[in-house]
Amino acid sequence: MRLVIRKIRGMRDILPPNSTALTRITRIFRETASMYGYREVIPPTIESFELFALKSGEEIKKSMYVFKDKAGREVALRPEVTASIARMFLEELMAKPRPIKVFYIANCFRYEEPQKGRYREFFQAGVELIGSDSILSDAETILLLDEYYERLNLPIEVIIGNVGIYRSILGEERIGEEKQDRIIWLIDKGFLEEALREASGKASNPVRVKRVLEELSTIRTSSNYDEAFREGEKLLKDNYPAALKSLENLRKLLEMVEGATWSKIVLNLGFARGLAYYTGIIYEVKSPNINVSIAGGGRYDGLIELYGGPKTPATGFAIGLDRTLLSLMEAGIEISGEGSNIRVLIVPLVDEAIKLAMGILRKIHSVGVEASIELMGRSLRRTLSYASSMKYTHVILIGRREMEEGKVTIRDMARKTQKTVDTEKLIDEISDD
RNA sequence: GCCGUGGUAGCUCAGCCCGGUUAGAGCGCCGGACUGUGGAUCCGGAGGUCCCGGGUUCAAAUCCCGGCCACGGCCCCA
């Protein structure tokens, strides 16, 4: 039979064992964020298109699900969650004591060509910390991110930089903010040449800015942080005092997290992230076995103001849950299931045993163990064959012989042994193992 | 948006180049051998608009064109 109606392009059905694995890494995120004092918020899937357009410009439209609802409002399926949280802050959280710490787990949508690790619907988990401009908040969120991946047992590297360094340099060269965004975007995309050309074209000291940007972009290390900072200082101290402060900030952050993390920390003075709203510390998580980033975040002190609110500092990150899972699988890391690993199949061999089987089913459930009743009405031989292929650990048989004695037969599938016991003693038999 | 490879049974695929009986295999599923005891074995069964549409032809799974979808890469991003 061929189905006429199929999945929409870019959409997935997520089935076991992937669905259980995804649920599990989601649960671990929820636990980790909660332990850091974050509380869950659930924003709507659909927002006004304006919310995303304001931040990223009109051209974002082509990579988004945008449509008019029945009342003619231009709406969008969220491509990310930070914008929703900023809106939520303005509408509902302004009066709360600072810092405001919220986390979310949400499906997001982007209308792009599907390929490995990329679907049109995907899952993100993230935190936002609003109201603190302290570098300590950046450090703590990085620690949270790091703890999450430690709990998953996934080796990662965290690349850390401070986009404030670039912004300060370009600012002191009297380059406007929009131009800054473009230059930073170019650097992030690896078009260093073009970025340098555009920067020196507008700068008050073209030769100097070109040299400094070029050299900054080469400073990257996972071991010798001190030397990297010394080089950075040398570049900035004479002409770019504000950039020097950003560098100092980055140094403080690194001192805070150094030695406290499970991840490999890569310091990258030339690091930029394309998203326009980042203003300070930025970071990205990479896993050695997959060459796209699996999480990213940073400080965005200007976003809330952009939405018409008061100038409010904020920092946070988003984790790509699908890519994290993909990375775990490619690394061959076991994502163990939850709960008891005992699974029981109850087999009534005669109709009169069905009521008893149902009672037993409920009794086993009450001690937190999985149990089901055999439903197919097939021969015992096939039933046992089925039970072993489905990895049941115990089979309970209730036939005429058992009924007469008020007992049940319980078979240990692994040991291939069985005994007939009083119905009351059943639970003890199962949990013995 | 662009490029490459593919689409035949629930799954993995053969057949296509070189058009020609009722389109095949392995695995899986259901059953029988075996009506109360296992992953084995043997036997049987169900399951196909050969992705869709058009064209060429006496004849198309097979050749041609268009579309859709999947996978991978570019771009972009998470």
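Only heavy atoms go into these numbers, but all of them, side chains included; no hydrogens, no water, no symmetry mates. Below, read A as the first sequence line, B as the second, and so on, with proteins coming before strands; counting in each chain starts at 1.
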Closer than 4.0 angstrom, basic N to acidic O: yes or no for [X] and [Y]?
X: A:Glu424; Y: A:Lys407; result: no
X: A:Arg73; Y: A:Glu47; result: no
X: A:Asp428; Y: A:Lys425; result: no
X: A:Arg87; Y: A:Glu91; result: yes
X: A:Arg400; Y: A:Glu352; result: yes

Spacing of [X] atom [atom1] relative to [N] atom [atom2], expressed in whole Å:
X: A:Glu374; N: B:G38; atom1: CD; atom2: P; answer: 15 Å
X: A:Ile396; N: B:G36; atom1: CD1; atom2: P; answer: 19 Å
X: A:Leu397; N: B:G38; atom1: CG; atom2: P; answer: 11 Å
X: A:Asp13; N: B:C69; atom1: CG; atom2: C1'; answer: 14 Å
X: A:Tyr386; N: B:C29; atom1: OH; atom2: P; answer: 11 Å
X: A:Arg400; N: B:U37; atom1: CZ; atom2: P; answer: 16 Å
X: A:Leu22; N: B:A78; atom1: CG; atom2: C1'; answer: 14 Å
X: A:Ile282; N: B:A78; atom1: CD1; atom2: C1'; answer: 16 Å

[N]: pairing nucleotide in any strand, Watson-Crick or G-U under 3.5 angstrom:
N: B:C27; result: B:G10
N: B:U5; result: B:A70
N: B:C76; result: none
N: B:A40; result: none
N: B:G20; result: B:C58
N: B:G47; result: none

Atom [atom1], compared across [N] and [M]: separation rounded to whole Å:
N: B:U8; M: B:C50; atom1: C1'; value: 4 Å
N: B:A14; M: B:U22; atom1: P; value: 24 Å
N: B:C63; M: B:G6; atom1: P; value: 11 Å
N: B:A60; M: B:U21; atom1: P; value: 11 Å
N: B:G4; M: B:G44; atom1: P; value: 47 Å
N: B:U37; M: B:G32; atom1: P; value: 14 Å
N: B:G48; M: B:G15; atom1: C1'; value: 15 Å
N: B:A23; M: B:C68; atom1: P; value: 31 Å

B:G39, B:U37, B:G36: which one has an atom nearest the side-chain heavy atoms of A:Gln418? B:U37

Check every atom of B:G39, B:G36, B:G38 against the side chain of A:Leu380 and return the nucleotide holding the closest atom. B:G36

What is the nucleic acid contact for [X], judged by heavy atoms within less than 4.0 Å: base, sugar-phosphate only, or nothing?
X: A:Gly399; answer: base
X: A:Gly297; answer: nothing
X: A:Lys416; answer: base
X: A:Glu284; answer: nothing
X: A:Ser379; answer: nothing
X: A:Met413; answer: base
X: A:Ala387; answer: nothing

One should read off an interatomic distance between A:Ile184 CD1 and A:Phe271 CZ, to the nearest 0.5 angstrom, of 12.0 Å

Give every residue pair that meets the ring pair (Phe, Tyr, Trp, His ring centres under 6.0 Å) criterion with at least one member in residues 282-304 of chain A, sequence neighbours excluded. A:Tyr277-A:Tyr300

In residues 150-161 of chain A, what donor-acceptor pairs under 3.5 Å come from side-chain atoms, sequence neighbours left out?
unit_1   : atom_1 : unit_2  : atom_2 : d
A:Arg151 : NH1    : A:Glu31 : OE1    : 3.3
A:Arg151 : NH2    : A:Glu31 : OE1    : 2.6

Respond yes when some side-chain nitrogen or oxygen of A:Arg411 is under 4.0 Å from OP1 or OP2 of B:U37, and no when none is. no

Strictly below 4.0 Å: does A:Arg381 bring a side-chain N or O up to OP1 or OP2 of B:G38? yes

Is it the case that more than 12 heavy atoms not belonging to [X] sit under 6.0 Å from its [atom1] atom?
X: A:Asp69; atom1: CG; answer: yes
X: A:Met11; atom1: CE; answer: yes
X: A:Arg12; atom1: CZ; answer: yes
X: A:Arg378; atom1: CZ; answer: yes

Find which nucleotide of RNA chain B each of A:Arg378 and A:Arg401 is nearest to by heavy atoms, and output the residue with the more 5' nucleotide. A:Arg378

Hey, which of these two, A:Ile8 or A:Ile294, hits RNA chain B nearer its 5' end, going by closest nucleotide? A:Ile8

Listed pairs, N/O of protein and of nucleotides 42-46 of chain B, under 3.5 Å:
none

If we check side chain to side chain contact (heavy atoms under 4.5 Å, CB included) with A:His394, which of these qualifies: A:Ile410, A:Ile346, A:Leu426, A:Leu345? A:Ile410

Report the residue from A:Thr393, A:Ile364, A:Asn341 that forms a side chain to side chain contact (heavy atoms under 4.5 Å, CB included) with A:Val369. A:Ile364

Provide a list of protein-nucleic acid N or O atom pairs under 3.5 angstrom, restricted to nucleotides 72-75 of chain B.
unit_1 : atom_1 : unit_2   : atom_2 : d
B:G72  : OP2    : A:Lys116 : N      : 2.9
B:C74  : N4     : A:Gln115 : NE2    : 3.2
B:C75  : N4     : A:Gln115 : NE2    : 3.3
B:C75  : N4     : A:Arg118 : NH1    : 3.1
B:C75  : N4     : A:Arg118 : NH2    : 3.4

Among all residues two or more places apart in sequence or in another chain, which pass the ring-ring contact (aromatic ring centres under 6.0 Å, His included) test with A:Tyr65? A:Tyr111

In numerical order, the residues of residues 138-148 of chain A whose heavy atoms come under 4.0 Å of RNA chain B are none

